[in-house]
Structure formats: structure tokens, C-alpha cells
Amino acid sequence: MGDDDRLVVALAGVTRVFQTPGGPVTALKPVTLTVMRGEAVALMGPSGSGKTTLLNIVAGLDRPTAGSVTVLGTSLATATERQLTAFRGLRLGIVFQEAHLLPGLTALQNVVIARLPWGDRRTLEPRARDLLARVGLADRGNFLPARLSEGERQRVGLARALLGDPQLLLADEPTGNLDSATTEDLLGLLEELRRERTLTMVIATHDAAVAAAAGRQLRLNDGGLEATTRRGFGGSVRMRILD
Amino acid sequence: MGIQGILAGLLVGGPAHGYQLKATLEEELGPVWMTSASQVYLTLGRMHRDGVVSSRRVRQERRPDRQLLALTASGRALALEWLFESDDPDESVVRLAVARLVVPDRFAELTDIIVEQRSAALTELRSLRRDATQGFQREAIDAEIQRVQADLRWTVAVREHAGAIVQRPRSGSRSDSSARYG
Ligand SMILES: Nc1ncnc2c1ncn2[C@@H]1O[C@H](COP(=O)(O)OP(=O)(O)OP(=O)(O)O)[C@@H](O)[C@H]1O
Ligand SMILES: [Mg+2]
């Protein structure tokens with residue numbers, strides 16, 4: 001282990017080609033990428049550029065057509081479906097572009113249910129309540145998804161992803177339906193978690209203002225990863241002087 | 001740096017008369033950006049005094065002589081510094097407008113720099129926001145955050161069209177030396 005401990009995501013030459021009736025669609029050109037522990041990486045790029053495809057591969061929800069994928073020391077290419085399920089359940093937090101909540105369960109139950117195979121309800125529920133409060137939904141725990149707004153469902157999805165205290169958080173447009181102040185609250189929460197627990201995250205977003213919250217920004221274009229150079233330009237905050 | 005940076009920046013494109021600089025600004029930036037002629041001439045006078053520009057007298061028939069202004073070496077350095085290293089959020093629009101004309105091949109690079117500057121400012125504001133819990137502090141910071149976000153998103157949109165923006169011909173009258181503008 002040693003140094004490898006710090007390497008959370010390592011993709012080498014990852015491609016993904018979808019076979020469709022209209023012919024093959026290349027969603028990812030060879031992508032090589034590493035993410036270190038405690039890093040927050042924003043994955044940017046226009047619609048259709050491959051952000052979700054890349055996140056799915058890192059999450060072990062999809063397999064690459066070629067290339068190797070190592071996440072938290074586990075090689076996903078050779079893992080069985082069962083191993084992948086346990087891996088996701090125990091070590092990853094995943095926030096999907098759409099929350100995919102179970103319609104018959106309350107917000108609180110939705111947060112808890114995915115963890116039940118690995119924990120017991122009595123210890124999970126108080127933590128789930130706490131997380132719902134931290135995403136600004138303290139009073140929505142007993143609501144069914146149909147009575148929640150899209151942005152609220154998305155935040156339930158985030159609380160669910162955080163419940164297992166994951167080492168890696170993968171989030172697909174987590175602020176897509178949120179107003180500006182709520183977005184800031186959520187970004188603040190993620191930054192707190194990154195610091196407190198050295199949480200590593202990869203966040204797909206097309207919003208530069210969200211991406212700015214990450215320490216590193218990557219840009220996908222037509223399935224290819226573009227190098228981003230940071231030259232360390234400062235940016236001054238406009239100070240308002242009362243006189 | 002304001003108007004001085006803008007005028008120096010325009011002169012990176014080559015020597016010009018004062019009235020041409022003013023006309024270029026009006027034509028390129030349109031109705032929401034205003035410059036007063038007296039401000040332009042006053043500033044050019046100061047720049048001349050400070051060795052930022054040199055001037056050459058150009059004879060005209062039946063009209064007073066005109067000054068053709070050119071950047072000195074230090075003026076050029078000042079102009080490039082204003083374009084690529086200054087960081088006044090209120091000047092992003094003019095910096096890009098000037099860069100489009102005088103250094104079109106570096107226009108996209110400048111959008112990247114401004115994106116980076118605004119992103120860094122956003123990071124700074126977000127860290128201030130974490131500790132702002134009293135009174136109206138959070139709302140006051142949110143107001144700044146939203147302004148910076150708007151700047152940032154605007155710049156990203158400009159960057160996405162950088163190629164086309166640079167191709168767009170410059171407006172009117174740089175080479176037009178008829179004496180309509182005094
Ligand atoms: N299951 C699939 N079958 C065929 N093509 C697919 C499939 N999934 C994705 N694609 C194609 O792969 C490309 C990348 O899609 P992807 O969903 O990764 O984009 P994205 O960057 O997440 O876009 P958005 O910002 O709209 O969410 C697209 O051209 C898409 O049509
Ligand atoms: Mg997507």
C-alpha cells in the first residue's frame with residue numbers, strides 16, 4: 001500500500017463505445033486520470049460529452065470497452081458483479097443526475113434503505129436524520145418523494161450517498177435543480193466533509209460556478225479529456241468600502 | 001487602472017489619434033459603455049507626460065495639427081499588464097473587448113485567465129461565507145457570490161464562442177481619417 005493509499009481513482013486508457021442500431025457511438029476516447037485522496041475534482045463539459053459515462057465507469061456501474069479502472073485499490077475490470085455491489089455499498093457514495101428515490105418510501109427511509117444490508121436501522125436512522133438536516137431537509141423526513149420538489153429529492157439523494165461515510169463521493173450535477181443559496185449551502189457542506197473526513201469527490205457539472213468549488217477542474221469534450229492548466233492567477237474579492 | 005489601461009491597450013494595435021481611440025471604444029462597446037472625450041484627452045495628456053505614449057505631430061490642411069500617439073516600451077508593458085494581469089471585475093468586459101482587437105490570438109487565453117480569477121474570488125468568498133453566521137453577513141456575502149458567479153458564467157459563455165468572436169470584423173472607423181470626430 002503506502003503511497004497507493006493516496007491514489008483513489010486511477011484510470012488508464014479508458015474508452016467506452018456503445019453499440020447502437022445506428023452504429024457504434026464513442027462516448028469516451030482514451031481517458032487517463034488520477035485523483036488523490038481528499039481531492040475535489042470537477043468534471044466539466046457540454047451535454048453529451050461523456051461526464052455521466054465516466055462517472056458510471058468509476059462507480060463500477062458500467063464497464064469500459066478498453067482500459068483499466070482502479071478505484072480505492074480495487075481493480076474494477078476484473079471484479080464480479082457481487083464484488084462491485086459490495087464495493088459500491090461500502091465505499092462509494094453516488095449521487096445520480098436524477099435521484100431515483102423509491103416512491104413508496106419516505107425521504108428518511110430512502111436515505112436509510114440502501115445501507116440496510118450493512119447496518120442496522122436503529123443506528124442508521126439518527127445519522128440519516130442528521131444528514132437530512134445538513135442538506136436543509138430537517139422537516140421533510142416523513143415526506144414521500146412525490147411531495148418533494150426536484151431539488152429536495154436531489155438533496156435526499158445526497159444524504160443517502162453520504163450515509164455510509166463513503167471514501168469517494170461521485171456526484172452527477174448535484175446542484176442542477178437548486179437555487180443559488182441552497183447550492184452554496186451544499187457546496188459548503190461538501191467542503192466541510194472533504195476537510196473533516198478527507199472525503200474525495202468527483203463532481204460532474206456544466207456550471208463553472210459549481211466547478212470553481214473544486215480544487216481541480218477537468219474538461220471533457222466529445223469524450224476526450226482536455227488538459228486544464230492552472231496558472232495560479234489570484235482573484236480579488238470586491239471589497240465594499242463604506243465612506 | 002481604468003481608462004489609462006484601456007487606451008494603452010488599444011494602442012497595442014498600432015499608433016492612433018485620440019479621436020480614433022474614442023470612436024473605437026464607442027463602436028466596439030456600444031451604448032452601455034460611455035467615455036467622455038475630455039476624459040480621453042486628459043488621460044492621453046497624462047500618459048504622454050508619464051512617458052507611456054510618445055506623440056508625433058501630423059500636419060493637416062486647413063485644420064489644426066493632430067497628434068499621432070504610439071506606445072513607448074514601458075507603455076506597451078503597461079498595456080499588456082493591464083490586459084493579462086490586472087484583476088478588476090468591472091474591467092473584464094473592456095479587457096476582452098480590447099484584446100479582441102489588438103491581440104486576437106490571445107483572446108481565448110484571456111478568457112481563461114479571467115475564468116481563473118473569478119473562480120479564485122469565488123473560492124475566497126465561499127471561505128468567508130463559512131464563518132459568516134451573524135446578522136446579515138451571509139446575505140451580504142451571497143450578494144457578492146452571485147455577482148461573481150454571473151461574471152464567471154458570462155466569461156465561460158464568451159470563451160465557448162471565442163473563435164467566432166475573434167473572427168467578427170472590427171467595427172468602423174479606425175482607418176477612417178475624415179475629420180468628423182474632432
Ligand atoms: N447507453 C447508451 N447507449 C448509447 N449511447 C449512449 C449511452 N449512454 C450514453 N450514450 C452516448 O454517449 C455520449 C455521452 O453521454 P453522457 O450521458 O456521458 O453525457 P453527459 O456529459 O453526462 O451529458 P449531460 O450533461 O447531458 O448529462 C452521448 O453522445 C450519449 O448519447
Ligand atoms: Mg450526464
Side-chain angles (χ1 to χ4, degrees), chain A residues 39-49 134 136 175-176 178-196 203 205-222 226-242, chain B residues 1 80-92 95 106 108-133 136-163:
Chain A
E39 242 195 319
V41 174
L43 194 57
M44 302 189 67
S47 186
S49 59
R134 287 182 85 174
T175 58
L178 304 182
D179 63 76
S180 165
T182 311
T183 296
E184 289 307 317
D185 289 340
L186 262 192
L187 294 175
L189 169 63
L190 291 179
E191 177 60 15
E192 254 173 61
L193 294 169
R194 194 185 65 79
R195 288 170 182 222
E196 285 168 15
I203 299 170
T205 178
H206 62 259
D207 185 351
V210 172
R216 181 150 63 107
Q217 283 124 33
L218 301 173
R219 178 168 290 274
L220 272 172
N221 220 330
D222 269 339
E226 287 176 4
T228 50
T229 47
R230 281 186 79 89
R231 284 168 293 189
F233 277 97
S236 41
V237 170
R238 229 175 307 214
M239 290 296 168
R240 308 277 171 185
I241 298 163
L242 296 171
Chain B
M1 182 153 1
L80 293 175
E81 185 186 326
W82 175 74
L83 277 170
F84 294 104
E85 275 157 61
S86 71
D87 181 25
D88 179 344
D90 293 332
E91 293 188 354
S92 302
R95 279 160 76 202
R106 295 186 71 188
E109 178 194 348
L110 181 57
T111 62
D112 286 339
I113 289 171
I114 294 172
V115 165
E116 205 171 306
Q117 288 173 331
R118 298 298 84 219
S119 300
L122 200 48
T123 302
E124 174 73 24
L125 284 166
R126 281 170 174 157
S127 86
L128 294 173
R129 189 181 196 271
R130 272 197 291 280
D131 305 321
T133 50
F136 201 58
Q137 287 182 6
R138 179 155 284 197
E139 287 73 19
I141 291 174
D142 280 347
E144 297 305 317
I145 285 180
Q146 293 205 24
R147 286 197 184 89
V148 176
Q149 289 186 335
D151 290 348
L152 181 56
R153 292 184 181 125
W154 173 81
T155 314
V156 167
V158 169
R159 179 176 63 190
E160 269 156 27
H161 300 108

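We name chains A, B, ... by the order of the sequence lines, and we start the count at 1 in each one.
Only the side chain of B:Asp142 comes within contact range of chain A, with at least one heavy atom under 4.5 Å from a heavy atom of that chain.
Considering all non-hydrogen atoms of both residues, B:Leu152 and A:Ala209 come closest at CD2-CA, 3.6 Å. For B:Ala121 against A:Val237, the heavy-atom pair with the smallest separation is O-CG2, 3.7 Å.
With sequence neighbours excluded, the residues forming a side chain to side chain contact (heavy atoms under 4.5 Å, CB included) with A:Thr205 are A:Glu173, A:Asp207, A:Val210, A:Ala211, listed by chain and number. Looking at residues two or more places apart in sequence or on another chain, you find no side chain to side chain contact (heavy atoms under 4.5 Å, CB included) involving B:Ala140.
Distance check, rounded to the nearest 0.5 Å: OG1 of A:Thr183 to CD of B:Gln149 gives 7.5 Å.
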Begin from the C-alpha positions of A:Asp185 and B:Arg138 and carry the test side-chain contact (heavy atoms from CB on, under 4.5 Å) through to its verdict. CA-CA 11 Å; A:Asp185 289 340; B:Arg138 179 155 284 197; 3.7 Å; yes
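Contact annotation: the side chain of B:Arg126 never approaches that of A:Glu191 to less than 4.5 Å [non-hydrogen atoms, C-beta and beyond].
For the set B:Arg147, B:Gln146, B:Arg129, the count of heavy-atom pairs under 4.5 angstrom toward chain A peaks at B:Arg129.
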